[in-house]
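The figures that follow rest on heavy atoms only: side chains count, while hydrogens, waters and symmetry mates do not. Chain letters run A, B, ... following the sequence lines, proteins first and then strands; every chain starts at 1.
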Protein chains: 2
Amino acid sequence: MASIRDLAKQLNLSPATVSRALNNNPLVAPEVRRRVLTAANKLQYVPTIGRRETMNIAFAYAGDRSIGSPFDAALMEGLTDRMESGGFDLVILDVKRAVHPRETFSHMFRRKGIRGAVLRTTSEAKGLCEQIAAEGFPCVVVGEHFDNEGISVVRSDSLTSSRDAVNHLIDLKHEKIAIAVNQVDDSDHLDRIAGYRDSMAQRGMAIDDRLIFRIAAKREGGIQLIRRIAAMPDRPTAIFFADPLPAIGAMMEAQKVGWSIPRDLSIVGFDDAELRFMVHPTMTAICQDARELGRVAFEALDLLFSQKGRELQNSAVRRILPTQLECHGSTGPWLA
Amino acid sequence: MASIRDLAKQLNLSPATVSRALNNNPLVAPEVRRRVLTAANKLQYVPTIGRRETMNIAFAYAGDRSIGSPFDAALMEGLTDRMESGGFDLVILDVKRAVHPRETFSHMFRRKGIRGAVLRTTSEAKGLCEQIAAEGFPCVVVGEHFDNEGISVVRSDSLTSSRDAVNHLIDLKHEKIAIAVNQVDDSDHLDRIAGYRDSMAQRGMAIDDRLIFRIAAKREGGIQLIRRIAAMPDRPTAIFFADPLPAIGAMMEAQKVGWSIPRDLSIVGFDDAELRFMVHPTMTAICQDARELGRVAFEALDLLFSQKGRELQNSAVRRILPTQLECHGSTGPWLA
DNA sequence: GGCTTTCGTTGTAACAGTTTCATGAACTGT
DNA sequence: ACAGTTCATGAAACTGTTACAACGAAAGCC
């Protein structure tokens, strides 16, 4: 509704200055820029081209750009599925790179004609997402969760399925069950640890903190973990991996060391794509439907758009999708 | 350079009508629209917002959308690597979906403020790419090649490395060497067959057409191929796969059938990502650097932009990147 | 046939945002 | 104190888009 000229009138400025402030032109006083930006946020300014509203949605990386992962690809696929019916276009973005020095994030999005963002983040960049949401820009975070109630989130529920995974291993008579989690903390991964603890406690198993491993969420991490436990006096007989790639690395390395899977070691992994079918033996894994996650993310964003007009505060959306434990060939009974 | 008002003046129309024609508004006579579009193409019309040129580049799927593959993801990663320095944004697009009925492709791109496109295509949609290029819209096709000299192409050279792959198998004393290629024809895959034939002929091996298999480029395709050759009286002892996923499917299925790799069967695959490290044993494969392909694609497009001003015709760019044969654990000498 | 109505097409004008150029204020050097 | 420089801003000119009016041709009605 509010145009640049409306903002200008309200702030006693010229449209030119407002435009410059919004575009991060250095030729504008910092104090004036701040006033313009706060006004733009308060009045829910949306840029238009001519008389048409811009129709871009961003797939934005908040932390390190993990584009290239199957998870992200599937996410985008789901997003575009739903988007094109509404005439939206998807723009790929790295917020840290795209933002100019001393520019607000919402400001950067508006400059690019973006109406809303689907945020991908790593744990260390969570604060960045909170900042964007706090600026009042319509955004949905995928795959993380926040204590902050004001942030819209779409993610999978890994707590329940983590319990299922560990229960599955206990049912198979394993007694020394390890868990391997990404070394950088992340609420979703904390859930997986919580699921592990829950299940162990509920089934009356002792929890040995030395069996909770922090590793790099890459193939390398799994390889190194196998080397570590191979040197242990009484090694675990089953490992639950909270990430896809290290699980695969571990399966390879275990076989290289001469262990047979699942006879000498059972492994439960995590899979967003079809990696579980590409290894030998096929991998028992917790599966999340990343494509569906993308679809739901767009629907959440769309809801946010329609809410934005009516009511401003406390309109956060939270969608939690179930994940499933699929049993394949990498887990078996412990016979020793 | 040319604005909507320039076009209007030249065509004796109002700016409004030109804008409508360019935006596929139905309220414009078909004859008038045709005149506007040809003029827009001739004058190399580029839309601007205010006085600023739009800075969008499309990653466009011409055929079936294969977004979700590691190859595409890596391609995008490479593209964005180079793009952001120039202030460009990447827009994901499905041309068939995005184009309105009776709308030109270049027209659709311009409507969305897109300056140039990187085209991903399947073999059956090659004609679509030729059409876009014929309309004079700056575009680069990735991964295909064309007889048509006027189309800019960035691709890997799979001919040489296909020869290397087959030579490698011949060096290992294999005598019955099969090749498995995607069942839909595609110039890049024809190259791989040509490389196979070249090498076999040069080394004095008989070419048995029954050892040239057409399969689906999915994991399933590889699985079914193994079942087929398991039933053959004198089966091949080595297979060269021209696609990543069936190679992996085949390795799995072969081991399921009880064959040991590489003792009972050698396999050379194809890899755009890191799949070769995720299977057991690690897979000998022809590797292409998809990320680099993306970088080069942007550079080609950038070159096209700068050429466009000076000279109109015959400014097609062709970049062919080398691929490499990496030897791992899935190939070994034939001892029978 | 003459009139009105309707529909399709086009132009005018008002609007969106951006940038060039000019203007004035504040600061700096002598 | 005065000239020169730098910085911030506004007016104006220019993008592209759409609401509204206007025009003309075809169709319907008496």
Side-chain angles (χ1 to χ4, degrees), chain A residues 1-37 39-41 43-56 87 89 100-103 106-115, chain B residues 1-37 39-41 43-56 87-89 100 102-103 106-115:
Chain A
M1 276 304 170
S3 76
I4 268 196
R5 282 172 175 82
D6 294 337
L7 288 177
K9 199 170 290 181
Q10 184 152 343
L11 295 166
N12 267 334
L13 290 168
S14 71
T17 305
V18 175
S19 172
R20 275 191 281 259
L22 253 28
N23 279 293
N24 206 45
N25 190 315
L27 295 177
V28 64
E31 164 61 21
V32 173
R33 169 179 302 137
R34 209 170 316 131
R35 276 173 55 215
V36 171
L37 291 186
N41 276 329
L43 275 78
Q44 291 292 316
Y45 166 73
V46 174
T48 59
I49 303 175
R51 283 191 166 174
R52 171 192 296 170
E53 289 194 337
T54 51
M55 292 294 254
N56 288 330
D89 285 323
H100 290 162
R102 270 178 303 156
E103 185 183 33
S106 57
H107 176 184
M108 175 275 289
F109 284 124
R110 300 227 166 91
R111 172 165 59 80
K112 289 178 179 289
I114 290 167
R115 301 257 308 243
Chain B
M1 276 302 169
S3 76
I4 267 197
R5 284 173 174 81
D6 294 337
L7 288 178
K9 198 170 289 179
Q10 185 153 341
L11 294 166
N12 267 334
L13 290 167
S14 71
T17 306
V18 176
S19 172
R20 275 190 282 259
L22 252 29
N23 279 295
N24 207 45
N25 190 314
L27 297 177
V28 64
E31 164 60 21
V32 173
R33 169 181 300 137
R34 209 170 314 130
R35 276 173 55 214
V36 171
L37 290 185
N41 275 330
L43 274 78
Q44 291 293 314
Y45 166 73
V46 174
T48 59
I49 304 175
R51 280 189 167 174
R52 170 196 296 169
E53 290 195 335
T54 52
M55 292 296 252
N56 288 332
F88 286 101
D89 285 323
H100 290 163
R102 269 179 304 157
E103 184 183 36
S106 56
H107 177 183
M108 174 274 291
F109 284 124
R110 299 227 166 89
R111 173 165 60 81
K112 289 178 178 291
I114 289 167
R115 300 258 309 241

>> Is there a side-chain contact between A:Thr48 and the phosphate of C:dA16, meaning an N or O under 4.0 Å from OP1 or OP2?
In response: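 For A:Thr48, the contact criterion (side-chain N or O under 4.0 Å from OP1 or OP2 of C:dA16) is not met.
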> Got B:Ser19 and B:Leu22 here, is their nearest side-chain heavy-atom distance under 4.5 Å?
Replying inline: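 No; the side chains remain at least 4.5 Å from each other.
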> Is there side-chain contact between A:Lys112 and B:Asp89, with at least one heavy-atom pair below 4.5 Å?
Replying inline: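 Of all side-chain heavy-atom pairs linking B:Asp89 with A:Lys112, at least one is under 4.5 Å.
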> Measuring from A:Arg20:CZ to A:Leu13:CG, what's the distance to the nearest 0.5 Å?
Replying inline: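 The CZ atom of A:Arg20 sits 10.5 Å away from the CG atom of A:Leu13.
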[X] [atom1] - [N] [atom2] separation (whole Å):
X       : N      : atom1 : atom2 : value
A:Lys9  : D:dG10 : NZ    : C1'   : 16 Å
A:Arg33 : D:dC7  : CZ    : C1'   : 13 Å
B:Leu7  : D:dT17 : CG    : P     : 12 Å
B:Leu27 : D:dC23 : CG    : P     : 19 Å
B:Glu31 : C:dT10 : CD    : C1'   : 15 Å

>> Just to verify, which of A:Val36, A:Val18, A:Thr17 counts as forming a side-chain contact (heavy atoms from CB on, under 4.5 Å) with A:Ile4?
In response: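 The passing option is A:Val18.
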> Got a sec, which residues hit side chain to side chain donor-acceptor pair (under 3.5 Å) with B:Arg34, two or more places apart in sequence or on another chain?
Replying inline: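 In terms of side chain to side chain donor-acceptor pair (under 3.5 Å), with neighbours along the sequence ignored, B:Arg34 is linked to B:Glu31.
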>> I'd like to check the side chain to side chain donor-acceptor pair (under 3.5 Å) partners of A:Arg115; sequence neighbours left out, ordered by chain and number.
In response: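 Here the qualifying residues are A:Glu53.
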>> At under 4.0 Å between heavy atoms, how does the protein contact nucleotides 18-23 of chain C? Give one character per nucleotide, 5' to 3', with B, S or -.
In response: BBB---
